[in-house]
Amino acid sequence: IFYDKLAPLPVVGMAYRTVPANSPDTPVLDVISQILSVGQSSRLSRSLVRDQQIASDASGFTLSLAVDGLFMFQATANQGKAPADIEKALLAQIEILRDTPVSAGELAKAKNQALAGKVFGSLSTEQKAEQLGDADLNFGNPEEVNQELEKLNAVTIEEVQRVARKYFVAERRNVFYDLPSAMQPKADATTKEIK
């Protein structure tokens with residue numbers, strides 16, 4: 001738990017340890033990120049923001065590096081909503097992803113969004129250079145950038161569920177709360193402040 005004097009609202013985050021960028025599971029995590037986070041119809045936005053109205057925003061995204069990776073879930077609580085309720089709602093969405101296969105339509109939409117993001121993310125010379133550099137750093141081969149679209153397109157319903165079950169487990173999870181300093185408990189009169 002962190003207390004932040006600049007934070008206007010509580011933020012709840014979860015980080016799951018995943019895999020390096022060169023893992024065959026990385027494209028699956030990219031697709032899962034689309035399912036959870038992209039657009040107002042994404043699972044986290046629909047559940048936490050629109051239906052339950054407990055968060056002003058909610059997302060899940062993957063960060064894959066050369067050595068290891070993380071999948072981050074994050075949501076900002078609406079005024080008066082308890083951080084513990086946000087954590088519980090995020091965990092409920094994770095359980096649904098683990099326990100229930102995504103529909104063919106949802107998977108197709110997520111793959112199309114991921115593919116479009118890759119294509120439109122490589123229009124400028126600078127974007128192309130960045131992608132080549134990332135591929136060289138993470139795979140040791142800049143040509144790997146030419147395989148990304150094929151790998152994303154090959155992701156299956158079964159792989160989404162398998163990857164969610166493998167990585168979104170308690171022993172791989174760290175939870176953090178970034179709370180407004182006004183939420184910090186006052187020091188007990190019987191305890192001394194440590195300086």
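Note that this is a predicted model, so its numbers are computed, not measured.
Under the 4.5 Å side-chain contact rule for hydrophobic residues, L115 and V102 share a cluster. Both I32 and I94 belong to a single network of hydrophobic side chains, linked directly or stepwise wherever heavy atoms of I, L, V, M, F, W or Y lie under 4.5 Å apart. Taking hydrophobic clusters as Ile, Leu, Val, Met, Phe, Trp and Tyr residues chained together by side-chain heavy-atom distances below 4.5 Å, L152 shares a cluster with V163. The same ILVMFWY cluster, assembled from side-chain heavy atoms under 4.5 Å apart, contains both M14 and F168. No single ILVMFWY cluster, assembled from side-chain heavy atoms under 4.5 Å apart, contains both L107 and V38.
Atom CG of D57 sits about 9.5 Å away from atom CG of L9, to the nearest 0.5 Å. Rounded to the nearest 0.5 Å, atoms NZ (K88) and CG (L48) are 12.5 Å apart. Atom CG in D99 sits 6.5 Å away from atom CZ in R165 (nearest 0.5 Å). Within the model, atoms OG1 of T18 and CG of D25 stand 9.0 Å from one another, a figure rounded to the nearest 0.5 Å. Here the straight-line distance linking atom CZ of F73 with atom CG of L36 works out to 5.0 Å at 0.5 Å rounding. With rounding to the nearest 0.5 angstrom, the CG atom of D68 is 10.0 Å from the OG atom of S23.
Between P20 and S64, the closest heavy-atom pair is C-CB, 4.3 Å. Across I86 and I54, no two heavy atoms sit closer than the pair CD1-O, 3.2 Å. The minimum heavy-atom distance linking L179 with P83 is given by the pair CD2-CG, 3.6 Å. Minimum heavy-atom separation, P8 to L6: CD-O, 3.3 Å. What you find for V155 and E159 is that their closest heavy atoms are CA-OE1, 3.3 Å. Annotation for A75 and A55: closest pair CB-CB, 4.3 Å, computed over non-hydrogen atoms.
Counting only residues at least two apart or in different chains, salt bridge (charged side-chain N to carboxylate O under 4.0 Å, His left out) contacts with residues 3-14 are absent.
Aromatic ring centres of Y167 and Y16 lie farther apart than the 6.0 Å criterion allows.
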- Task: Test R98 against E95 for salt bridge (charged side-chain N to carboxylate O under 4.0 Å, His left out), laying out the working first.
- Result: CA-CA 5 Å; R98 286 171 43 85; E95 286 305 307; 3.7 Å; yes
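Shown are K109, R50, R46; of these, the side chain to side chain donor-acceptor pair (under 3.5 Å) with S41 is made only by K109.
Side-chain atoms of S37 come within 3.5 Å of backbone atoms of G60 as a donor-acceptor pair (strictly under, hydrogens ignored). The backbone N or O of R17 lies less than 3.5 Å from a partner atom in the side chain of R172, making a donor-acceptor pair. Between the side chain of S45 and the backbone N or O of S59, no donor-acceptor pair lies under 3.5 Å.
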